[in-house]
Amino acid sequence: MNMSEGMIVAKNYQLIGKLGSGAFGEIWKAFHVKTKQEYAVKLEDSSNKHQQLYGECRIYLWFHSDSGCLAQAIPNVIFYGVEGTRNIMIMDLLGPSLEDLFTKMRKHFSLKSVLMCADQMLKRIEYVHSRRIIHRDIKPDNFTIGVNRNIHRIYIIDFGLAKKYMSSNGEHIKYREGKGLTGTARYASINTHLGIEQGRRDDLESLGYVFIYFLKGSLPWQNMKAKDIKDKYNKIKEKKSFIKVDELCKGLPVEFADYINYCRKLKFADKPDYSFLRNLFKNLFKELNYNLDYDYDWSESAYPYQGSK
């Protein structure tokens, strides 16, 4: 893409540092040359075979067309356009991802921090689903904290793989089999590994694996030796399918096993009971006499961070 610091995009936004890159393209930090307000700029090569940025932009705009979205931690898109060979999306600048913070905390979060995160993360997914969208790539990288007065809030981001699961008249997408794996294998639901069309249950099951990852530092199917990507996905699927939930959640409060069991029992088109899942963790939080002070493990070290995803 040959982007460089100091470049101006969309006439008014000067790039001031690369924040990340991947198969989709690049993310840069930028500021508005007149207001000096900082933003995140997502760039994608318009020659990419599988372009995601326009679709992602439309989903963000769809969320923000609802007045209730203001109460949710979903970033706002400021600009979308095409310049030369690049698709450009400019959006709110956020703080580090939960994966960044987890690495910073040496791959361990306390139970208190995980329970405070869990409540917000479940809220975000419930809202996304209420707008007839499934995320399809739930992982720690796709949740970030805010900046400044929003530093205690957990945002949900990256809707490049998201899709509508229900039409405006309430018709659910059809059950299908034989689909390829969409999302990230480490956190994918068992049904996603089996090639079954994703629904709301799959986002929630993936979130359960994120919680276990945060508390244990790794998942049993990480770092498995394989000859190629197909073999790797197969080994992850087998390990995930055959390990007992009690073993997966060994050493954790029983609520985490209850969560996974509930998600795995949901049928394809079922509407999950989000309140039941949130209350599992809220009640545990109360039982342990934790104080909802948003004092996370990373609170001291996160504030100076000005990055985004």
Side-chain angles (χ1 to χ4, degrees), residues 72-73 94-127 135 138-146 150-157 184 186-189 201 203-223 239-240 243-265 272-303 305 309:
Q72 297 294 327
L94 298 172
S97 73
L98 293 186
E99 179 64 29
D100 292 334
L101 293 166
F102 192 55
T103 302
K104 202 170 200 173
M105 295 291 108
R106 298 180 184 178
K107 300 277 181 180
H108 177 76
F109 284 161
S110 66
L111 180 57
K112 180 188 171 186
S113 282
V114 173
L115 292 175
M116 288 194 296
C117 287
D119 188 60
Q120 290 197 58
M121 292 162 91
L122 280 163
K123 262 191 208 168
R124 303 297 166 252
I125 290 178
E126 181 178 8
Y127 178 75
H135 190 283
I138 296 295
K139 58 183 178 180
D141 314 69
N142 289 338
F143 290 90
T144 79
I145 60 170
N150 289 315
I151 194 148
H152 65 288
R153 301 188 80 198
I154 309 289
Y155 285 72
I156 186 168
I157 62 164
T184 303
R186 184 188 293 178
Y187 305 103
S189 70
R201 63 181 181 177
D203 278 352
L204 290 169
E205 186 179 329
S206 293
L207 189 61
Y209 299 139
V210 171
F211 299 152
I212 295 164
Y213 170 72
F214 283 160
L215 290 167
K216 291 198 161 196
S218 66
L219 292 161
W221 45 84
Q222 277 180 244
N223 306 315
K239 185 75 173 174
K240 207 177 278 183
I243 190 170
K244 288 186 167 59
V245 173
D246 286 349
E247 188 185 338
L248 176 63
C249 299
K250 191 176 180 181
L252 304 181
V254 69
E255 285 79 2
F256 291 92
D258 291 346
Y259 179 99
I260 297 289
N261 283 322
Y262 175 86
C263 294
R264 287 186 179 179
K265 282 176 185 167
D273 187 341
Y274 304 96
S275 294
F276 165 75
L277 294 174
R278 282 181 62 205
N279 283 331
L280 273 178
F281 300 129
K282 283 172 97 163
N283 292 338
L284 175 60
F285 193 86
K286 284 178 191 166
E287 279 170 31
L288 295 168
N289 291 315
Y290 289 145
N291 180 21
L292 188 58
D293 53 11
Y294 299 108
D295 184 13
Y296 300 101
D297 300 327
W298 60 82
S299 292
E300 290 300 312
S301 59
Y303 200 83
Y305 190 101
K309 279 281 179 189

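- Listed here is the closest heavy atom pair of M116 and D295: CE-O, 3.8 Å.
- Counting heavy atoms from C-beta on, the side chains of I156 and Y127 never come closer than 4.5 Å.
- Scanning for salt bridge (charged side-chain N to carboxylate O under 4.0 Å, His left out) contacts around K107 gives E99, with sequence neighbours left out.
- With sequence neighbours excluded, the residues satisfying ring-ring contact (aromatic ring centres under 6.0 Å, His included) with H152 are Y294.
- Residues F281 and V114 fail the side-chain proximity criterion, which asks for heavy atoms closer than 4.5 Å.
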Would T103 and D100 count as a side-chain hydrogen bond (donor to acceptor under 3.5 Å, both in side chains) here? Give the steps.
CA-CA 5 Å; T103 302; D100 292 334; 5.9 Å; no
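- With sequence neighbours left out, F102 forms a ring-ring contact (aromatic ring centres under 6.0 Å, His included) with F109, Y213, F214.
- Scanning for salt bridge (charged side-chain N to carboxylate O under 4.0 Å, His left out) contacts around R278 gives D119, with sequence neighbours left out.
- By the 4.5 Å heavy-atom criterion applied to side chains, L277 and E126 are not counted as neighbours.
- Going from atom CG of L122 over to atom SG of C117 covers 11.0 Å, rounded to the nearest 0.5 Å.
- Within the structure, salt bridge (charged side-chain N to carboxylate O under 4.0 Å, His left out) contacts touching residues 204-218 (residues at least two apart or in different chains) are E205-R264.
- In this structure, the side chain to side chain donor-acceptor pair (under 3.5 Å) partners of Q120, at least two apart in sequence or on a different chain, are R124, Y296.
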Pair up each side-chain donor or acceptor in residues 252-262 with any protein partner under 3.5 Å, not counting sequence neighbours, and list the distances.
{"residue": "Y259", "atom": "OH", "partner": "L204", "partner atom": "O", "Å": "2.7"}
{"residue": "N261", "atom": "ND2", "partner": "A257", "partner atom": "O", "Å": "3.2"}
{"residue": "Y262", "atom": "OH", "partner": "D273", "partner atom": "N", "Å": "2.8"}

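- Of all heavy-atom pairs between D297 and S110, the closest is OD2-N, 2.6 Å.
- The side chain to side chain contact (heavy atoms under 4.5 Å, CB included) test applied to A188 returns L181, T192, H193, K240, not counting sequence neighbours.
- Side chains of S206 and D203: no donor on one and acceptor on the other come within 3.5 Å.
- A 4.5 Å side-chain heavy-atom check between L101 and L98 finds at least one atom pair inside the cut-off.
- Once rounded to the nearest 0.5 Å, the distance linking CD1 of I125 with CD1 of I138 reads 4.0 Å.
- Residues I145 and P96 are in side-chain contact: their nearest non-hydrogen atoms beyond the backbone lie under 4.5 Å apart.
- For K139, the salt bridge (charged side-chain N to carboxylate O under 4.0 Å, His left out) criterion is met by D137, not counting sequence neighbours.
- In this structure, F143 and M121 have side chains that are in contact, with non-hydrogen atoms separated by less than 4.5 Å.
- Using a 4.5 Å heavy-atom threshold, the side chains of L284 and Y290 count as separate.
- Scored by the salt bridge (charged side-chain N to carboxylate O under 4.0 Å, His left out) test, K112 finds D293 as partners (sequence neighbours excluded).
- Residues passing the side chain to side chain donor-acceptor pair (under 3.5 Å) test with Y187, sequence neighbours excluded: none.
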